[in-house]
Amino acid sequence: YEKKFGYVNWLGAYSLWLKESKRFMNVWIQTLVSPIITTLLFWAVLNLSIGEYRGEILGISFMTFLWPGLISMSILQASFSHTSSSIMIGKLMNTLPDVVAAPLNAAEVTLAIILAACTRSILITLLSIIIFSFLIDLTIYSIPLLFIFTFLGSFILGSVGFIAGLYADKFDEMSGIQSFIIVPCTMLSGVFYTVEKLPSFFQAVSQFNPFWFVIDGMRFSFLGVADGSITKGLIYLSILGVITWLISFVLYSRGYKIKA
């Protein structure tokens with residue numbers, strides 16, 4: 001198509017982001033409230049069952065150690081869910097070709113949809129902070145780092161969700177990816193324990209686990225304590241964010257499982 005909007009179609013990209021944001025806002029109980037309720041249930045059950053009997057971790061109580069990880073877990077799963085469902089619905093309802101035909105290039109489409117997933121994750125984080133502030137003595141060690149790690153984590157999982165949405169042909173396949181890969185990775189990446197509890201092999205593997213870096217970074221943002229290097233995590237997640245977005249960009253621009 002002939003570009004009539006300058007080098008970047010800001011209006012079109014914004015409109016797509018707004019459409020995606022309205023999509024999750026229209027079902028806000030499912031997309032925003034449900035992850036928070038799941039987080040609160042985890043926290044409440046563990047607090048009542050083992051909270052008083054578990055020793056300190058990284059110099060803080062177990063329940064204090066726990067809640068930043070639970071928030072991280074919910075936003076990672078939410079960002080993946082948003083982009084993957086958006087692409088899957090578009091494919092199954094045959095509306096994705098309309099997006100392809102719009103005067104938007106691959107970069108504008110992928111970024112608009114992924115950034116909508118980031119918006120959803122940031123809203124979940126803000127709402128979780130408000131709710132937890134009534135339940136615990138909540139502290140935020142670094143607001144800039146909190147925003148950065150929330151953004152990087154949701155951007156990476158949003159990109160992965162975009163790729164998975166293109167790859168999957170039906171919701172059963174998507175459910176399998178989320179149930180057997182995304183959910184286990186988020187739950188087994190330092191939400192409930194420190195990496196030093198793992199065998200040496202898995203400790204080494206954790207140094208390449210983006211889920212662990214996001215969770216550890218968000219915990220540091222809230223509490224000021226970390227299980228690993230924050231600087232290394234920022235660099236690694238930034239590079240991984242670019243790589244995962246580039247993969248989604250290339251697949252979409254080539255019409256992978258979109259065009260017949």
Side-chain angles (χ1 to χ4, degrees), residues 1-36 74-128 144 146-168 174 178 182 214 237-238 240-258:
Y1 62 90
E2 181 184 355
K3 292 288 276 185
K4 297 181 179 179
F5 307 95
Y7 188 72
V8 178
N9 184 355
W10 294 107
L11 179 60
Y14 168 76
S15 299
L16 181 57
W17 169 84
L18 186 62
K19 172 254 185 186
E20 287 292 316
S21 298
K22 287 182 176 181
R23 187 176 72 85
F24 75 75
M25 288 301 295
N26 285 336
V27 286
W28 58 273
I29 293 179
Q30 175 187 343
T31 56
L32 299 179
V33 177
S34 179
I36 296 174
S74 67
I75 67 166
L76 292 174
Q77 293 178 11
S79 56
F80 175 87
S81 176
H82 178 87
T83 51
S84 60
S85 63
S86 177
I87 300 301
M88 278 298 300
I89 292 173
K91 289 167 65 175
L92 295 177
M93 298 185 66
N94 204 33
T95 58
L96 192 56
D98 295 335
V99 178
V100 175
L104 292 164
N105 59 37
E108 293 160 352
V109 171
T110 53
L111 285 174
I113 295 176
I114 293 169
L115 289 177
C118 295
T119 303
R120 175 178 168 182
S121 294
I122 291 172
L123 287 175
I124 291 174
T125 301
L126 292 175
L127 291 173
S128 298
L146 176 60
F147 175 81
I148 291 171
F149 276 106
T150 301
F151 176 79
L152 287 175
S154 56
F155 188 89
I156 292 171
L157 266 293
S159 300
V160 172
F162 195 102
I163 296 167
L166 291 176
Y167 168 78
M174 182 57 60
Q178 184 153 10
I182 302 301
V214 173
L237 292 174
S238 298
L240 191 61
V242 173
I243 292 173
T244 52
W245 172 74
L246 282 175
I247 294 173
S248 67
F249 167 79
V250 170
L251 292 178
Y252 180 84
S253 61
R254 294 182 177 179
Y256 178 71
K257 291 194 174 183
I258 299 175

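The shown structure was predicted, so the numbers you read here are calculated from the model rather than taken from an experiment. Hydrogens, waters and symmetry mates play no part in the numbers below; they use all other heavy atoms, side chains included.
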Q: Could you grab the distance from atom CD1 of Ile87 to atom CE of Met174, nearest 0.5 Å is fine?
A: 9.0 Å
Q. Under the side chain to side chain contact (heavy atoms under 4.5 Å, CB included) test, which residues partner Tyr14, sequence neighbours left out?
A. Trp17, Leu18
Q | Taking every non-hydrogen atom, the tightest pair across Ser79 and Leu157 | A | OG-CB, 3.2 Å
Q: Output yes when a side-chain donor or acceptor of Glu108 lies under 3.5 Å from a complementary backbone atom of Asn9, and no otherwise.
A: yes
Q. CG/Leu111 to CZ/Phe162 distance, rounded to the nearest 0.5 angstrom?
A. 9.5 Å
**Q.** Ile122 CD1 to Leu146 CG distance, which is reported to the nearest 0.5 Å
**A.** 9.5 Å
Q) For Leu104, which of Val8, Thr110, Leu16 qualifies under side-chain contact (heavy atoms from CB on, under 4.5 Å)? A) Leu16
Q | Trace of the side-chain contact (heavy atoms from CB on, under 4.5 Å) decision for Tyr252 with Ile113 | A | CA-CA 12 Å; Tyr252 180 84; Ile113 295 176; over 6 Å; no
**Q.** Results of side-chain hydrogen bond (donor to acceptor under 3.5 Å, both in side chains) for Gln77 - residues two or more places apart only
**A.** Thr186
Q: Hey, could you give me each pair passing salt bridge (Lys or Arg N to Asp or Glu O under 4.0 Å) that has a residue in residues 11-21? Not counting sequence neighbours.
A: Glu20-Arg23
Q) Under 3.5 Å, side chain of Lys91 to main-chain N/O of Leu96, donor-acceptor pair present? A) no
(Q) Using 0.5 Å steps for rounding, measure from the CG atom of Leu126 to the OG atom of Ser121. (A) 11.0 Å
Q: Identify, with sequence neighbours excluded, every residue that meets side chain to side chain contact (heavy atoms under 4.5 Å, CB included) alongside Phe24.
A: Ser21, Thr31, Leu32, His82, Thr119, Arg120, Leu123
Q) Between CZ of Phe80 and CD1 of Ile156, what distance do you get to the nearest 0.5 Å? A) 14.0 Å
Q: Would you please name every residue forming a side chain to side chain contact (heavy atoms under 4.5 Å, CB included) with Ile36, sequence neighbours left out?
A: Leu40, Ile124, Leu127, Ser128, Ile131
Q: Check side chain to side chain contact (heavy atoms under 4.5 Å, CB included) between Leu92 and all other residues, then give those that pass, not counting sequence neighbours.
A: Met88, Phe171
Q: Drop me the distance from Leu251's CG to Leu166's CG, to the nearest 0.5 angstrom.
A: 6.0 Å
Q.
Between Leu115 and Phe151, does the side-chain contact (heavy atoms from CB on, under 4.5 Å) criterion hold? Intermediate values first, please.
A. CA-CA 9 Å; Leu115 289 177; Phe151 176 79; 3.7 Å; yes
Q) What are the two closest heavy atoms between Ala117 and Thr83, and how far apart are they? A) CB-CG2, 3.7 Å
**Q.** Residue pairs, two or more places apart or on separate chains, that pass side chain to side chain donor-acceptor pair (under 3.5 Å) and touch residues 146-168
**A.** none
